Number of protein chains: 2
Amino acid sequence: MRQPAGRSARRTGGERKPREERWAELIEVATQVFYEKGYEAASLQDIADRLGMLKGSLYYYIQSKEDLLFDVISAVHREGLSVIQARADTEGDPLQRLENVIVGHVEHTCRNLVPTTVFLHELSALPPERRQEVLGSEHAYQGVFRGLIELAQKEGLVRADVDPRLAALSVLGATNWVYRWFRPGGEFTPEKIGAQMAEMVIRGIASEKVLSARVAGQA
Amino acid sequence: MRQPAGRSARRTGGERKPREERWAELIEVATQVFYEKGYEAASLQDIADRLGMLKGSLYYYIQSKEDLLFDVISAVHREGLSVIQARADTEGDPLQRLENVIVGHVEHTCRNLVPTTVFLHELSALPPERRQEVLGSEHAYQGVFRGLIELAQKEGLVRADVDPRLAALSVLGATNWVYRWFRPGGEFTPEKIGAQMAEMVIRGIASEKVLSARVAGQA
């Protein structure tokens with residue numbers, strides 16, 4: 001995790017907010033401005049104006065607009081990853097865990113539309129090495145999905161002809177796409193979307209053994 | 001379909017290409033330039049330079065950069081839609097047709113990465129009414145998927161608890177997402193991707209009746 005640059009915060013007469021608080025505010029405002037204007041069109045001046053700061057004061061925290069995009073994108077990626085990793089790192093049936101991960105990812109996306117949109121739209125604006133730094137050399141996010149599918153396949157719960165990487169990319173596509181069409185208060189709740197997508201995926205990859213049990217159980 | 005503006009083409013001394021050919025070339029070059037630089041950063045000057053034309057001559061075909069984006073995006077949307085509609089408008093089992101539509105859509109996306117990327121990245125750069133004009137008031141593209149799922153559900157081939165619109169959006173997400181990770185000559189062929197995604201979707205939404213038959217058939 002990148003830390004904000006500059007000296008440690010001092011409270012002077014109660015007027016100055018602690019550095020961490022200013023930093024969180026800066027990331028939130030930058031996310032909103034990148035969302036509204038797009039990264040290319042947004043300027044550090046826009047962000048400073050929104051914060052009621054002088055543009056020069058931003059350099060206390062970052063060195064460039066790219067630094068800020070990197071921090072915005074890192075923050076949302078880290079948050080989403082921690083949500084799904086917590087659901088993946090539990091005991092028990094890997095298919096059940098995959099189901100929980102899918103539901104968690106969909107709900108997190110629906111509840112964080114603005115940062116998710118900036119992440120998915122503007123990741124390509126970062127240079128390749130910083131993009132890599134966000135995603136992790138092993139594509140940590142994709143890896144959580146793929147790892148559970150591989151494990152379930154070894155246990156005979158996923159069909160042998162399913163390619164785990166391709167399945168993980170399918171799941172990520174279906175679930176990430178939500179950011180393009182989900183509207184709070186619309187036809188579907190995040191819970192409904194998460195539940196149906198998870199059900200489709202589990203049935204989509206489950207082995208005949210698992211499916212037979214499901215079909216028999218519901219007959 | 002929008003037609004290029006201006007007078008009809010005349011061949012003068014064999015030097016001037018027919019209008020339709022110039023138009024197709026303009027759309028192709030504009031697509032490439034929007035892909036490489038992004039719509040915001042790309043200029044009509046860049047496009048004219050690439051075509052070896054004067055910038056002023058572009059106004060023979062279009063009135064603005066936005067017109068050009070609209071035409072680029074309309075062209076790729078129309079092409080993709082005709083691919084999937086041809087596969088949807090056949091006789092027989094709607095689940096089988098859905099499978100064919102998914103395979104066709106994935107293969108078309110993989111083989112048209114540049115225009116698809118411009119379509120998916122830059123659609124939001126169009127004003128709402130032009131976006132609507134491209135997609136159709138009934139979301140024609142999504143409608144092909146949803147229509148087949150609804151039909152299959154009426155015939156008892158899709159589980160009653162599947163929401164057809166949500167299922168269609170899941171399928172479009174998984175299949176559109178391909179544009180972000182597919183690389184020609186990479187690990188997976190378009191055929192392999194299309195086949196696995198279609199299989200996952202069909203099993204994911206199929207009714208117990210259909211699944212039982214599949215499981216029994218493969219046992």
Side-chain angles (χ1 to χ4, degrees), chain A residues 37-41 102 106 117 120-125 139 142 158-159 161-182 187-188 192-219, chain B residues 37-41 102 106 117 120-125 139 142 158-159 161-182 187-188 192-219:
Chain A
K37 307 191 87 169
Y39 173 68
E40 277 302 330
I102 292 169
V106 168
T117 301
L120 293 173
H121 273 202
E122 308 294 4
L123 183 64
S124 60
H139 280 266
Q142 194 194 115
V158 162
R159 282 179 289 124
D161 63 334
V162 168
D163 181 282
R165 182 166 165 257
L166 195 43
L169 288 163
S170 304
V171 177
L172 272 172
T175 52
N176 283 343
W177 200 249
V178 162
Y179 89 96
R180 290 184 77 117
W181 58 264
F182 175 73
E187 188 181 354
F188 305 115
K192 162 79 183 168
I193 300 166
Q196 177 166 322
M197 286 193 177
E199 182 74 21
M200 280 179 65
V201 170
I202 301 303
R203 286 172 173 260
I205 62 174
S207 62
E208 310 303 353
K209 186 177 80 178
V210 172
L211 277 183
S212 300
R214 275 199 187 229
V215 172
Q218 295 188 5
Chain B
K37 307 191 87 169
Y39 173 68
E40 276 302 330
I102 292 169
V106 168
T117 301
L120 293 173
H121 273 200
E122 308 294 4
L123 182 65
S124 60
H139 281 266
Q142 192 193 117
V158 162
R159 282 179 289 125
D161 63 335
V162 168
D163 182 282
R165 182 166 165 258
L166 195 42
L169 287 164
S170 304
V171 178
L172 272 172
T175 52
N176 283 343
W177 201 248
V178 162
Y179 89 96
R180 289 183 78 115
W181 57 265
F182 175 74
E187 189 182 353
F188 305 114
K192 162 80 182 168
I193 300 166
Q196 177 166 322
M197 287 193 175
E199 182 75 21
M200 279 178 66
V201 170
I202 301 303
R203 286 173 173 258
I205 61 175
S207 62
E208 311 302 354
K209 187 177 78 177
V210 172
L211 277 183
S212 300
R214 277 201 186 228
V215 172
Q218 296 187 3

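A, B, ... follow the sequence lines: proteins, then strands. Residue 1 opens every chain. As the structure is a prediction and not an experimental result, all values here were calculated from the model.
Proximity of A:Arg180 to B:Leu169: side-chain heavy atoms (C-beta onward) are nowhere separated by under 4.5 Å.
Of the two parts of A:Val178, neither the backbone nor the side chain holds a non-hydrogen atom closer than 4.5 Å to a non-hydrogen atom of chain B. Residue B:Ala125 does not touch chain A at all, counting heavy-atom pairs closer than 4.5 Å. Proximity to chain B (any heavy atom under 4.5 Å) is restricted, for A:Asp161, to the backbone atoms N, CA, C and O. Using a 4.5 Å cut-off between heavy atoms, A:Ala41 makes no contact with chain B at all.
Closest non-hydrogen pair, A:Ala167 versus B:Gln196, comes out as N-NE2, 3.3 Å. Nearest heavy-atom pair across A:Met197 and B:Ser170 is CE-OG, 3.4 Å.
Taking CG of A:Leu172 as the reference point, atom CH2 of B:Trp177 lies at 7.5 Å (rounded to 0.5 Å). With rounding to the nearest 0.5 angstrom, the CZ atom of B:Arg203 is 14.0 Å from the CE atom of A:Met200. To the nearest 0.5 Å, atom CZ of residue B:Arg165 and atom CH2 of residue A:Trp181 are 6.5 Å apart.
The choice from A:Val201, A:Asn176, A:Ile205 that makes the most heavy-atom pairs within less than 4.5 Å of chain B is A:Asn176.
Contact check on A:Glu40 versus B:Lys37 returns no salt bridge, with no Lys/Arg side-chain nitrogen under 4.0 Å from an Asp/Glu carboxylate oxygen.
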